[in-house]
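To find a chain, count down the sequence lines: A is the first, B the second, and so on, and within it residues start at 1.
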There are 2 protein chains.
Amino acid sequence: MREFLKTKGFKMTPQRERIFKAFFGLGQHVTVDELYAKVRESDRSIGYATVWRNLKLICKVGLAEEVNLGDGVTRYDRITREPHGHLFCLGCKKLIEFETTEMVPGLTAVASAQRFKPEGFKIEITGYCEKCQSEHKEAETPQAVRW
Amino acid sequence: MREFLKTKGFKMTPQRERIFKAFFGLGQHVTVDELYAKVRESDRSIGYATVWRNLKLICKVGLAEEVNLGDGVTRYDRITREPHGHLFCLGCKKLIEFETTEMVPGLTAVASAQRFKPEGFKIEITGYCEKCQSEHKEAETPQAVRW
DNA sequence: ACAACCAATGAAAACGATTTTCACTTTCAA
DNA sequence: TTGAAAGTGAAAATCGTTTTCATTGGTTGT
């Protein structure tokens, strides 16, 4: 890892070591807060900004990517072997992954038809998971608009 | 429109009238700021919050939907006849649409395989448009991490 | 038409996640 | 070892979004 970072032009530090380890130890779709909490378990002196900066760094060196579901928080998703999409439950906010390998050629074709150079694909389905479907009530004819 | 809103349980107001007109007059993928600016051209007294609330309202009554590209601003996309995806240029931030009608059945199948009730599909391709490809330099071996 | 009720508005403040600043420390290459 | 450049931590700044609150103004029933 130290060598890998060096080839990218970055230095290894103790904090970085812990942050990287924690990030790759956690599952997918990690938020800054989650990683910060995790890192703090092993070192109470590491600051929030450092965790944030390293999450950005991990993306910059190509080991993860940001995922935005529109709920106000950025998640960081480890880049895995296979491209995948997300099912995002509007009820419990849970993310489920699904394979999208076979969709990529089609999307690539769409892009090149527009002379567009693709960098990344994002496929998301929002809705309600099995558990939340029953609990979810249709908010019909709202009596007032409260936001 | 007045009648339509009434059936949904909302009132028509002069401000609402102007905001709706401006929104449907503008193209797709409108931001709050853009709509606010547009609305202000015809009425300097309309507040930002009102524009924002009405954009939310337009979504609530099913005439538009929020689009999040991960660049920090929410865009509001008029719901059109055909489902579509977006090509988002990381250079000039321009959005290009493309048809996704034939992809929907596949995604619906993915969802139901997980017993997931889909509410919306999002397909996005990030990259660089023809114009920006030449101007875009590969930020290789950064000399320092500045954010 | 009138009153009463409740939604809508505008300005400003609150929020909250993200990003930057700054002074200080650490890494790494020469 | 030593200097230059990168990294860190705490705090503050940003910035888009959302809420609050007092006031205005539609809508409905009489």
(message) How would you summarise protein contacts on nucleotides 11-16 of chain D per nucleotide, using B for base, S for sugar-phosphate only and - for none, with heavy-atom distances below 4.0 Å?
(response) -----S
(request) Go along nucleotides 23-30 of chain C 5' to 3' and tag each nucleotide: B for a protein heavy atom under 4.0 Å from its base, S when only backbone or sugar atoms are that close, - otherwise. (result) ----BSS-
(request) Compute whether any side-chain donor of one residue and acceptor of the other, for Thr80(A) and Glu82(A), lie under 3.5 angstrom apart. (result)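 No, no side-chain donor-acceptor pair sits under 3.5 Å.
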Distance in angstrom units between [X] [atom1] and [N] [atom2], rounded:
X	N	atom1	atom2	answer
Leu55(A)	dT8(D)	CG	C1'	16 Å
Trp52(B)	dA8(C)	CH2	C1'	14 Å
Asn54(A)	dT19(C)	CG	C1'	15 Å
Leu57(B)	dT18(D)	CG	C1'	16 Å
Asp43(B)	dA11(C)	CG	C1'	15 Å
Glu17(B)	dG26(D)	CD	P	11 Å
Ile19(A)	dG9(D)	CD1	C1'	11 Å
Arg40(A)	dT8(D)	CZ	C1'	13 Å

(request) Would you mind reporting whether Glu124(B) and Phe88(B) have side-chain heavy atoms less than 4.5 Å apart? (result)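 The answer is no, as the side chains (C-beta and beyond) never meet within the 4.5 Å cut-off.
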(request) Tell me, please, which residues at least two apart from Thr74(B) pass side chain to side chain contact (heavy atoms under 4.5 Å, CB included). (result)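 Counting only residues at least two positions away or on another chain, Thr74(B) forms a side chain to side chain contact (heavy atoms under 4.5 Å, CB included) with Glu66(B), Asn68(B), Tyr76(B).
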(request) Report the residues that fulfil side chain to side chain contact (heavy atoms under 4.5 Å, CB included) with Ser45(A), sequence neighbours left out, ordered by chain and then residue number. (result)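 Partners of Ser45(A) by the side chain to side chain contact (heavy atoms under 4.5 Å, CB included) criterion, ordered by chain and then number, come out as Asp43(A).
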(request) Could you please name the option among dT19(C), dG10(C), dA11(C) that lies closest to any side-chain atom of Thr50(B)? (result)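 Per side-chain heavy atoms of Thr50(B), the pick is dG10(C).
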Could you go through residues 24-32 of chain A and list every donor-acceptor pair under 3.5 Å that involves a side-chain atom there, pairing it with any protein atom two or more places apart or in another chain?
| residue | atom | partner | partner atom | Å |
| --- | --- | --- | --- | --- |
| Gln28(A) | OE1 | Arg78(A) | N | 3.4 |
| His29(A) | NE2 | His86(A) | NE2 | 3.3 |
| His29(A) | NE2 | Glu97(A) | OE2 | 2.9 |
| Thr31(A) | OG1 | Glu34(A) | N | 3.1 |

(message) So, does Arg53(A) get its side chain near the phosphate of dT19(C), meaning an N or O under 4.0 Å from OP1 or OP2?
(response)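 Negative; the distance criterion is not met.
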(message) Does a side-chain N or O of Arg16(B) approach OP1 or OP2 of dG26(D) to a distance below 4.0 Å, or not?
(response)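 Looking at the OP1 and OP2 atoms of dG26(D), neither is under 4.0 Å from any side-chain N or O of Arg16(B).
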(request) Please write out which residues are connected to Val73(A) in a hydrophobic cluster, directly or through intermediates, given that two of Ile, Leu, Val, Met, Phe, Trp, Tyr count as joined at side-chain heavy-atom separations below 4.5 angstrom. (result)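 Val73(A) shares its hydrophobic cluster with no other residue.
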(message) Connecting only ILVMFWY residues whose side-chain heavy atoms lie within less than 4.5 Å of each other, what is the rest of Ile79(A)'s hydrophobic cluster?
(response)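 None; Ile79(A) is a cluster of one.
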(message) Just to verify, what does Lys93(A) make a salt bridge (charged side-chain N to carboxylate O under 4.0 Å, His left out) with, not counting sequence neighbours?
(response)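 With sequence neighbours excluded, Lys93(A) shows a salt bridge (charged side-chain N to carboxylate O under 4.0 Å, His left out) to no residue whatsoever.
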(message) List the residues meeting side chain to side chain donor-acceptor pair (under 3.5 Å) with Arg40(A), not counting sequence neighbours, and say none if there are none.
(response)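 By the side chain to side chain donor-acceptor pair (under 3.5 Å) rule, Arg40(A) matches Tyr36(A).
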